[in-house]
Asks: 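Pasting a structure here, questions to come.
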Amino acid sequence: QVKLVESGGGLVQAGGSLRLSCAVSGGTISIYTMGWFRQAPGKGRELVAGLNRNDLSTNYADAVKGRFTISRDNAKNTVFLQMNSLKPEDTAVYYCAAGLWPHILDGTATYWGHGTQVTVSS
């Protein structure tokens, strides 16, 4: 059974940075396309960043381009989301997901984590 566990969320001031981690067990991350999603209060879940397992190409939501970076460490079986220049509108629960490219881009994933809260104060 593949399990995804997010960590690294918290409260940060606008302009600050956070690094989210997604530890994967029960499977090897190199065989999955990995993604980070977020859901803000009263809004639907949206893709933040995706990492294609085949060629390691990435895809970012327009709102986070230039500020967020998705990466992975195969040795640690962990995926990261580095978030810089955070804004109050980045406040949301952030979820890690594993699936197939390009299906993950529309929110279709095989495995999901339980999420970690990110709150950005103004």
Side-chain angles (χ1 to χ4, degrees):
Q1 181 74 18
V2 176
K3 186 177 180 182
L4 282 61
V5 179
E6 303 95 336
S7 62
L11 174 64
V12 64
Q13 288 188 329
S17 299
L18 282 175
R19 189 194 197 200
L20 304 184
S21 300
C22 173
V24 180
S25 60
T28 303
I29 62 170
S30 60
I31 70 171
Y32 295 105
T33 280
M34 302 300 296
W36 284 95
F37 293 78
R38 67 185 181 186
Q39 186 165 17
K43 295 186 178 181
R45 186 173 57 198
E46 63 174 353
L47 175 73
V48 175
L51 179 60
N52 190 331
R53 71 176 178 108
N54 295 318
D55 58 8
L56 300 184
S57 60
T58 55
N59 185 290
Y60 294 95
D62 288 342
V64 307
K65 282 181 181 176
R67 300 189 297 122
F68 290 11
T69 303
I70 186 172
S71 63
R72 75 183 193 194
D73 184 328
N74 289 346
K76 296 181 179 180
N77 223 33
T78 300
V79 178
F80 303 98
L81 184 68
Q82 178 66 44
M83 305 186 296
N84 299 327
S85 302
L86 283 161
K87 305 175 181 180
E89 50 264 43
D90 293 319
T91 295
V93 177
Y94 283 71
Y95 299 90
C96 178
L100 300 174
W101 190 275
H103 308 292
I104 202 168
L105 300 182
D106 62 14
T108 302
T110 306
Y111 303 104
W112 291 90
H114 291 292
T116 185
Q117 176 70 46
V118 172
T119 303
V120 184
S121 63
S122 57

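Side chains are part of it too, since the values below use all heavy atoms of this structure and drop only hydrogens, waters and symmetry mates.
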Asks: Hey, could you give me the OG1/NE2 distance between Thr110 and His103, rounded to the nearest 0.5 Å?
Replies: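 NE2 of His103 is found 9.5 Å from OG1 of Thr110.
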Asks: If Ile, Leu, Val, Met, Phe, Trp and Tyr residues are connected whenever their side-chain heavy atoms lie under 4.5 Å apart, and connections chain through other members, are Leu18 and Tyr94 in the same group?
Replies: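 Yes, because Leu18 and Tyr94 connect within a single hydrophobic cluster, where side-chain heavy atoms sit under 4.5 Å apart.
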Asks: Under a plain distance cut-off of 3.5 Å, with no hydrogens placed, do Arg53 and Tyr32 share a side-chain donor-acceptor pair?
Replies: no
Asks: Looking only at heavy atoms, which two atoms of Ser17 and Gln82 are closest? And how far apart?
Replies: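 What the structure gives for the nearest pair is CB-NE2, 4.0 Å.
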Asks: Main chain of Ile29, side chain of Asn77: is a donor-acceptor contact present, judged purely on distance under 3.5 Å?
Replies: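 Between the backbone of Ile29 and the side chain of Asn77 there is a qualifying donor-acceptor contact (under 3.5 Å).
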Asks: Under 3.5 Å, side chain of Thr91 to main-chain N/O of Val120, donor-acceptor pair present?
Replies: yes
Asks: Check Cys22 against Met34 and note the closest heavy-atom contact, atom names and distance.
Replies: SG-CE, 4.5 Å
Asks: For a side chain to side chain contact (heavy atoms under 4.5 Å, CB included) check, start with the C-alpha distance between Val64 and Arg38, then their side-chain angles and the critical distance, and finish with the verdict.
Replies: CA-CA 12 Å; Val64 307; Arg38 67 185 181 186; 3.9 Å; yes
Asks: CZ/Phe80 to CD1/Ile70 distance, rounded to the nearest 0.5 angstrom?
Replies: 11.0 Å
Asks: Donor-acceptor pairs under 3.5 angstrom involving side-chain atoms of residues 2-13: please list them, not counting sequence neighbours.
Replies:
residue	atom	partner	partner atom	Å
Glu6	OE1	His114	N	3.1
Glu6	OE1	Gly115	N	2.9
Glu6	OE2	Cys96	N	2.8
Glu6	OE2	Gly115	N	3.2

Asks: Hey, could you give me the OG1/CG distance between Thr33 and Leu51, rounded to the nearest 0.5 Å?
Replies: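 Result: 7.0 Å between the selected atoms.
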Asks: For Gln39 and Lys43, which heavy atoms make the closest approach, and how far apart are they?
Replies: NE2-O, 3.0 Å
Asks: Determine the sole option in Asp55, Asn59, Asn54 for which the side-chain hydrogen bond (donor to acceptor under 3.5 Å, both in side chains) test with Ser57 is passed.
Replies: Asp55
Asks: Any side-chain heavy atom of Ser30 within less than 4.5 Å of one from Arg72?
Replies: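 Of all side-chain heavy-atom pairs linking Arg72 with Ser30, at least one is under 4.5 Å.
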Asks: Quick one: pull up CG in Leu100 and CD1 in Ile31 and give me the separation to the nearest 0.5 Å.
Replies: 9.5 Å
Asks: Nearest 0.5 Å, please: how far is CG in Asn84 from OG1 in Thr69?
Replies: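 Answer rounded to 0.5 Å: 6.5 Å.
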Asks: Give a yes or no on whether a salt bridge exists between Lys65 and Asp62, defined as a side-chain N under 4.0 angstrom from a carboxylate O.
Replies: yes
Asks: Check which hydrophobic residues are tied to Leu105 through side-chain heavy-atom contacts below 4.5 Å, counting indirect links as well, and list them.
Replies: Phe37, Leu47, Val93, Tyr95, Trp101, Ile104, Trp112
Asks: What pair of heavy atoms forms the shortest contact from Ser122 to Pro88, and how long is it?
Replies: CB-CG, 3.9 Å
Asks: Mind checking whether Val118 and Met83 have side chains closer than 4.5 Å, heavy atoms only?
Replies: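 Side chain of Val118 against side chain of Met83, heavy atoms only: contact under 4.5 Å found.
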